[in-house]
Amino acid sequence: MSLLKEFSKGLWKENAVFKLMLGMCPVLAVTTSAENGLGMGLATTFVLVCSNSVVALLRKLIPAGVRIPAFIVIIASFVTVVQLAMEAWVYDLYQALGIFIPLIVVNCLILGRAEAFASKNPLIPALADGLGMGLGFTLGLFILGTLREFFGSGAILGVNLLGSSYHPMLLMILPPGAFITLGLLLALIKRVTARS
Amino acid sequence: MKEMTRLLLALTLIAVCAGFILSQVERATREPIKEQRRLQMLKALSAVLPPFDNSPDTDKVEIPDGLDKKGQPRMKTFYRARQGGELKGVAFKVIAPDGYSGNIEVMVGVDPQDLINGIAIVSHAETPGLGSKINEPAFKDQFKGKGLDNVDWRVKKDGGEFDQITGATISPRAVVGAVSKGLEFYRQHRAELTTDLGANQ
């Protein structure tokens, strides 16, 4: 049952976006639309699962002294794989995410999980941890992207919901909108969890 | 010293493995990526050119346009569309360096009368929902039928005739400026583009 726990903790209890506040750069930068958030989240999840697995497999072989550079090399390799694969097979998404794909390398969520979890646990739990954390991160990006797209352009996933009479709150899709939305969401979550 | 060697060995081994895997992935994706870029190019060309039956992405003429930072001649590529061998239009890419964020790449297609047949935004990083509206038909369609001499190449805010976008003047201004510069360059070099087509003209 603990395997399920390793998986589910990332979804909410230790959610990377709402609880751990890790990897804020992509969280704030790419969530201008639900689709971008989802794409970035899934790309990050893929890298996280792969890097967690490899780090867990090699954990006894990597000397403690060079573990951080080793992790970075592993993570950077997977990011490059993702970038090449996206350019080859999902070109539209590749264009939308642009420069943020290489930045997955420096997402501290991924290095954080490699260091805090995968380097101390066997393959299967590390896999569950990576998947849960990644999907939790995706959820956070998707919620943020949906809210910003809805208020900022009156649409969700590109489908216009509010009609042309709606005057979009442009601020929401500009950088300050990311901070405002995240701040309000965090406040709401704190409020709800403090009561229960 | 022994510990040092162990560290070096481990990290080197990991880096070598990573390098090997990456070279394999690169090899596997090289062709699909090339194909994607070609399709993208062809899509942009079909959007801006009149109907054609050749492949304009290979029927191209390169004309030097100044020097780049390294002193090498910078080449501008012109793609020619033909039907039954007759020249139906020419397309070229212009780059607007003065967008709101990053370069805006625009494909411009002109007909044999030197009027614009259509434009397409190839790539941009403008603010979604604001500057990104340069990619909507409402904005792009204004360019159809425009030439260097029949319109004032400025946005309305600057006294010209092109509609800017509410909340975003910088992106349309950049596009309008880049397209008009491209048209001027095209006019200067128009003769060079058709010299080898003498038999068909």
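Computed from heavy atoms alone, side chains included, the values below leave out hydrogens, waters and symmetry copies. Naming: A, B, ... by sequence-line order, numbering from 1 per chain. No experiment lies behind these values; they were computed from the predicted model shown.
- Heavy atoms only, all atoms of each residue included: Q36(B) and E87(A) are closest at CG-O, 3.6 Å.
- In plain terms, the two heavy atoms of S77(A) and L22(B) that are nearest each other are O-CD2, 3.5 Å.
- For the atom pair I21(B) CD1 and I74(A) CD1, the distance stands at 9.5 Å (nearest 0.5 Å).
- Contact annotation for Q40(B): only side-chain heavy atoms (C-beta onward) come within less than 4.5 Å of a heavy atom of chain A.
- Counting non-hydrogen atoms of other residues, nucleotides and ligands closer than 6.0 Å to OH of Y100(B) gives a total of 12 or fewer.
- Among R37(B), E35(B), E31(B), the residue with the largest count of heavy-atom pairs under 4.5 Å with chain A is R37(B).
- Counting only heavy atoms from C-beta outward, the side chains of W89(A) and T29(B) approach each other to under 4.5 Å.
- In this structure, F46(A) places its CZ atom where only 12 or fewer heavy-atom neighbours from other residues, nucleotides or ligands lie under 6.0 Å away.
- Proximity to chain B involves both the backbone and the side chain of L84(A), based on heavy atoms less than 4.5 angstrom apart.
- Rounded to the nearest 0.5 angstrom, L58(A) CG and I14(B) CD1 are separated by 6.0 Å.
- The two residues A15(B) and V73(A) make their nearest non-hydrogen contact at CA-CG1, 4.2 Å.
- The parts of I173(A) that come within reach of chain B are both its backbone and its side chain, each placing non-hydrogen atoms under 4.5 angstrom from that chain.
- Considering CG of L11(B) and CZ of R67(A), their distance stands at 13.0 Å, rounded to 0.5 Å.
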